[in-house]
Amino acid sequence: MRANMYENYEMLERRVLDALSRTDLVNIKDKLDRIKGATLCVGVGGSKVVSDFASKVLNSKNGCVTESVEPRDMLYKNLNGYQNVLVSSYGGRNYGVDVSLNNDLNKYLLSSREREGVNNLTYISSLETEDSFISLGATLMPMAILLSYYICNDVGLIKEILESRHDYLVEGSDIYEILSGYDTKCASTFLESTLTEAGIGIPIVHDKYGYCHGRSTISKNYDSCAIVLERETELDRILFEEFKKYYKQVIQIKGKYGDQVIDDFYLTYQVMWLAKAISEIKSKDLSRVAYSPMVKKLYHFKGGM
């Protein structure tokens, strides 16, 4: 029998810790240390979350000017001024990777498979490949590799985070308004992508300050749920107090460590469990999604963009 959502969630912590123990973290650190100057980080789907995290890690630790983009953006951006491109892709072989690497920048690939002609940042797992429509381990493993680089291989902190998951009680809703920003971007990217790809809700991601400028109209006209990725600022407190008056349910997920890079990893892990709770109340399986027939054709597209 093929693995289902519950088996993949049960294996998530083991997959991450196995990758950390088997990957040559010293080699990856040496290569990441070399990345200097303006850097584009590229990813799509679950790997967009990894791309967002790589962008934050390189900006915070290496002092690089960074931007996280999707593969098609590489065809339209003026690449002058950028020195590097770091592509995140679990398999490392899709068309988006080809497009992202078709340039003269210094090329880095964060993947489970090596590729010729690039600086390979390869992570290894001995466990069976994740069999799921929604990427869990394939998203969190490379994020953990990047976090280990950011915190100087402190695997103990990563273990602590993986042991701190929470269970969430959610009410059924069709619309989920996610309050986020740069400091919580990875978590909101994962949640938006998962709710959309699994078809378990309609996500709307708001910048917290941008929300103050008219975006509250949605809650007046629709019965939606608010998800606040909390950083315990004055704005967060005001939003929460107002939300209790106008939303069907308000879910707060708070950062824990006071460092926005570490907290974004922590929050991403937490919203993975929130996504599980939402899928359960909708009687859906994130690993066995009843996806649109278009997926089979569009997923393998290889043409002009």
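What you see below is based on every heavy atom in this structure, not just the backbone, and it leaves out hydrogens, waters and symmetry mates.
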Could you tell me whether [X] and [Y] make a salt bridge, using a distance below 4.0 angstrom between a side-chain N and a carboxylate O?
| X | Y | result |
| --- | --- | --- |
| Asp131 | Arg288 | yes |
| Lys276 | Glu280 | yes |
| Asp33 | Lys29 | yes |
| Glu234 | Arg237 | no |
| Glu67 | Lys77 | yes |

So do [Y] and [X] actually touch side chain to side chain, heavy atoms under 4.5 Å?
| X | Y | value |
| --- | --- | --- |
| Asn84 | Leu58 | no |
| Asp73 | Val42 | no |
| Val57 | Met143 | no |
| Gln83 | Thr39 | no |
| Thr196 | Pro203 | yes |

Exceeds 12 heavy-atom contacts within 6.0 angstrom, atom CG of Leu169: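 Counting neighbours around CG of Leu169, 12 or fewer heavy atoms of other residues, nucleotides or ligands fall under 6.0 Å, so no.
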Whether the [X] and [Y] side chains hold a donor-acceptor pair (N or O, under 3.5 Å, no angle test) is what I'd like checked.
| X | Y | value |
| --- | --- | --- |
| Tyr6 | Asp285 | no |
| Ser188 | Ser180 | yes |
| Ser68 | Ser51 | yes |
| Tyr90 | Glu130 | no |
| Tyr150 | Asp259 | yes |

Residue pair Leu136 / Leu12: nearest heavy atoms and the distance that separates them: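 Heavy atoms only, the tightest pair is C-CD1, 3.7 Å.
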Face-on cation placement of Lys56 at Tyr182 ring, 6.0 Å and 45° thresholds: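 Yes, a cation-pi geometry holds between Lys56 and Tyr182.
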Whether Thr189 side chain and Lys185 backbone form a donor-acceptor pair below 3.5 Å: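 Yes, Thr189 side chain to Lys185 backbone: donor-acceptor pair under 3.5 Å.
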From Arg231, Lys256, Lys254, residue fulfilling salt bridge (Lys or Arg N to Asp or Glu O under 4.0 Å) relative to Asp263: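 Exactly one pass, corresponding to Arg231.
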Output field: ring centroids Tyr211/Phe243 closer than 6.0 Å: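 Yes, they do, as the ring centres are separated by less than 6.0 Å.
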Asn4 and Glu7: CA distance, side-chain angles, deciding distance, side chain to side chain contact (heavy atoms under 4.5 Å, CB included) verdict: CA-CA 5 Å; Asn4 63 16; Glu7 291 169 332; 3.6 Å; yes
